[in-house]
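Have a look at the structure below, then the notes.
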Amino acid sequence: MPTYEEYCEEIKSIWDSAWLTNMGPIHNRLKAGLRDYLKVENVELFVNGHLALYVALKALNLTGEIITTPFTFASTTNAIVQAGCVPVFCDVKDDYTIDETKIERLITEKTSAILGVHVYGNICAVDAIQKIADKRGIKAIYDAAHAFGVEYKGRGITSYGDVSMLSFHATKVFHSIEGGALCFNDSTLAAEIGRWRNFGLDGEGLACFGTNAKMNEFQAAMGVCNLRHIDGEIASRREAFARYDERLSGVAGLRTLPPTDAIKQNYAYYPILVDPERFGATRDELCAKLGEAGIFARKYFYPLVSENKAFGDVDLTASTPKALAFSRNVACLPLFAGLERQTVDRICDAILK
Ligand SMILES: *Cc1c(COP(=O)(O)O)cnc(C)c1O
């Protein structure tokens, strides 16, 4: 969080303008700041990331099937279903993102889009996915909730594909209390996105059955404050991340994230994948032991979104064995800006013990 004083200073102007929500001046300042920081043509802000993703699917007029990943947060699949489409689950690769080599065989005449997730800030194979989308005449969309500020080939990661969604939830690398954004290159999409965000209103008319997903001025003010400090926050995360790496990479039975020079990372998460046999304990046993020591590692993502009871009695997990294994064996360790080296060491000592 910014200091109390910094936030109060930022919201003072709201008492002069009496403009609380509906694309106010602070909202517009945050939007401009994010456009620069994220290196993307267009940014539209939302009350949260989930509704941003829903609006993206509606604004692109997607129908039928959307190929996506089961190794994600519930939001991704829920948005697909809520938008009236059917999720088709593709397995993931060792970096936890959708396996682009398995996408094409899932495409049918009903497929309208591929929806990849940049899991833990690892990026999908955006170039290969774009090729598939172009060849088959379908859209490429990204859930970039984990990938704020990530860059690939000098470009902001949210400039890839037709539309990318960001989440500014309080638990993310950058936050506006709750909040979200859509990033896209095609400026002509902005009007349709705006209508879906605001009840379908189009001037005095109504153009579609839109939702209400506008970001208010208090959220935007939190975002403006946090954007001032984002580089320091990410640098602080990097230090904790590097210390985890020093202590944990190479430990038998634990797999940490492989180092990557190809992208500018944001150090959003520190996942460890437990091989119960070689490590000597399961992920669940490890999490329970850590919990006893007051250390809260998250089983993230667990369960798979394809295990949602609302799908009924069908087993949707058999066709995605990697994703299933990851959901049973992965844990994300505490990671945040300001996490001290000795705390990381205490966590690592507990894991090794
Ligand atoms: C946080 C998150 C979302 C949802 O974002 P909200 O802003 O909380 O609505 C969607 N997808 C993923 C992968 C997330 O981590």
Please tell me whether [X] and [Y] have a donor and an acceptor in their side chains that are separated by less than 3.5 angstrom.
X    : Y    : value
D143 : T76  : yes
H169 : S167 : no
Y160 : N185 : no
H175 : Q219 : no
T317 : E307 : no
E178 : H50  : no
D284 : T282 : no
Y270 : D245 : yes

Please determine whether residues [X] and [Y] belong to a single hydrophobic cluster, defined as Ile, Leu, Val, Met, Phe, Trp and Tyr linked transitively by side-chain heavy-atom distances below 4.5 Å.
X    : Y    : answer
F168 : Y7   : yes
L20  : V224 : yes
L248 : Y120 : yes
F326 : V305 : no
F296 : I272 : no

Please answer whether the main-chain N or O of G338 pairs with a side-chain N or O of S236 as donor and acceptor at a distance below 3.5 Å. yes
State which residues pass salt bridge (Lys or Arg N to Asp or Glu O under 4.0 Å) with [X]; sequence neighbours excluded, sorted by chain then number.
X   : answer
K93 : E100
K12 : E9
R29 : E10

Distance col, row E233:CD vs R238:CZ, nearest 0.5 angstrom, shows 13.0 Å
With under 30° as parallel and over 60° as perpendicular, where do the rings of F301 and H146 fit, or are they tilted in between? parallel
Mark yes or no: R298 above the aromatic ring of Y300, with NZ or CZ under 6.0 Å from the six-membered ring centre and no more than 45 degrees from the axis. yes
Under-4.0 Å salt bridge between D275 and R255: no
